[in-house]
Amino acid sequence: MNENIINLLNKDLEGEHAAIIQYLNHAYAMGEGEMACEIEAIAREEMRHLDWLAETIVSLGGVPTLVRGEMRTGGESVSDWMRNDVLQEDDAIAMYEEHIKAIDDSRIKRLLRRILSDEKSHRGDFQHFVDKARKAGAKDLRGSRQDRVAQILNWGIEHEYTVILQYLFHRYMATSEDVQKEMEDQAINEMQHLGWLSEEMVDGGGTPRIEHTEADQSTKAADMLRADIKIEQEVAAEYDRAAKEVEDPGLKSLLIRIRDHEIYHADLFSDLLKQEEE
Ligand SMILES: [Fe+2]
Ligand SMILES: [Fe+2]
Ligand SMILES: [Fe+2]
């Protein structure tokens with residue numbers, strides 16, 4: 001029985017994951033502006049949904065999936081993107097309605113109804129953005145920059161996306177409150193990094209490529225922390241190298257700021273590992 005519910009909730013989770021990345025892609029590509037901010041706010045609501053679903057899956061004895069569902073990419077204009085986002089919400093609404101019917105647990109039904117009401121509201125927002133984007137002349141600000149700077153930024157974006165998934169997974173599977181709290185905090189910090197690097201990329205005439213590599217899916221705290229320390233040390237060194245290589249002073253200081261955060265993460269995880277090993 002639980003297994004069936006876990007499978008349904010993991011399908012919902014895949015959909016939330018896809019929506020988050022689809023919407024972030026759109027928001028970053030539009031640059032700074034009111035509509036981009038509103039789309040980012042919707043993506044943040046989807047992150048809360050993802051969080052609730054993952055916690056419920058763990059409470060049922062399941063493992064939250066890191067698989068991303070289908071995204072609707074493409075579209076010639078911002079207005080087309082907004083239409084794709086309406087369709088994404090349509091799918092979410094249909095899926096939640098189906099799962100509310102299929103699941104017999106009142107606590108989970110209540111949660112899914114709560115999420116469903118958000119999705120309906122998002123659908124209305126995106127519908128409104130279809131016209132608004134046309135009237136406001138919203139543009140795709142991304143360019144085709146492919147030089148070393150673009151390479152560095154996309155490397156950083158890929159890394160940040162990977163550790164966001166990794167730390168969220170570790171946060172869901174960890175049993176110690178200290179580990180849970182730090183994983184959540186640092187995942188949020190990595191989301192900031194992802195945003196900064198993506199915005200820098202669009203400002204500089206490039207296109208953020210929001211894809212990830214393999215995230216560590218250890219389930220024992222000491223194993224998680226060892227993997228997390230290793231990746232933090234590697235990327236701190238890589239950000240340091242990149243900061244020395246780039247000439248633009250704004251980009252240099254951004255990379256140094258992120259590097260310092262990663263050093264902080266490595267130290268913090270090392271302390272947690274010591275606690276775990278005691
Ligand atoms: Fe959602
Ligand atoms: Fe980071
Ligand atoms: Fe980090």
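All ligand and atom numbering here is 1-based and tracks the order in the structure. Keep in mind that the numbers below use all heavy atoms, side chains included, and drop hydrogens, waters and symmetry copies.
Within His49, the N, O or S atom lying nearest to the Fe ion (ligand 1) carries the name ND1. The Fe ion (ligand 1) is closest to atom OE1 of Glu46 (considering only N, O or S atoms). The N, O or S atom of Glu190 lying closest to the Fe ion (ligand 2) is OE1. Residue-level check: among N/O/S atoms of His265, ND1 sits closest to the Fe ion (ligand 3).
In this structure, Lys252 and Glu247 have side chains that are not in contact, with every pair of non-hydrogen atoms separated by 4.5 Å or more.
Checked by atom type and distance alone, the side chain of Asp80 pairs as donor or acceptor with a backbone atom of Ser77 at under 3.5 Å. A donor-acceptor distance shorter than 3.5 angstrom exists from the side chain of Gln180 to the backbone of Ala174, with no hydrogens or angles considered.
At a cut-off of 2.8 Å, Asp118 is not counted among the residues with an N, O or S atom near the Fe ion (ligand 1). Residue Glu262 counts as close to the Fe ion (ligand 3), with an N, O or S atom under 2.8 Å. The Fe ion (ligand 1) has an N, O or S atom of Glu119 closer than 2.8 Å. Taking backbone and side-chain atoms together, His193 has an N/O/S atom less than 2.8 Å away from the Fe ion (ligand 2).
Residues Tyr167 and Phe269 place their aromatic rings such that the two centres sit under 6.0 Å apart. The aromatic ring centres of Tyr239 and Trp155 sit less than 6.0 Å apart.
The pair Glu119-Arg114 fails the salt-bridge criterion, with no side-chain N (NZ, NE, NH1 or NH2) lying under 4.0 Å from an Asp/Glu carboxylate O.
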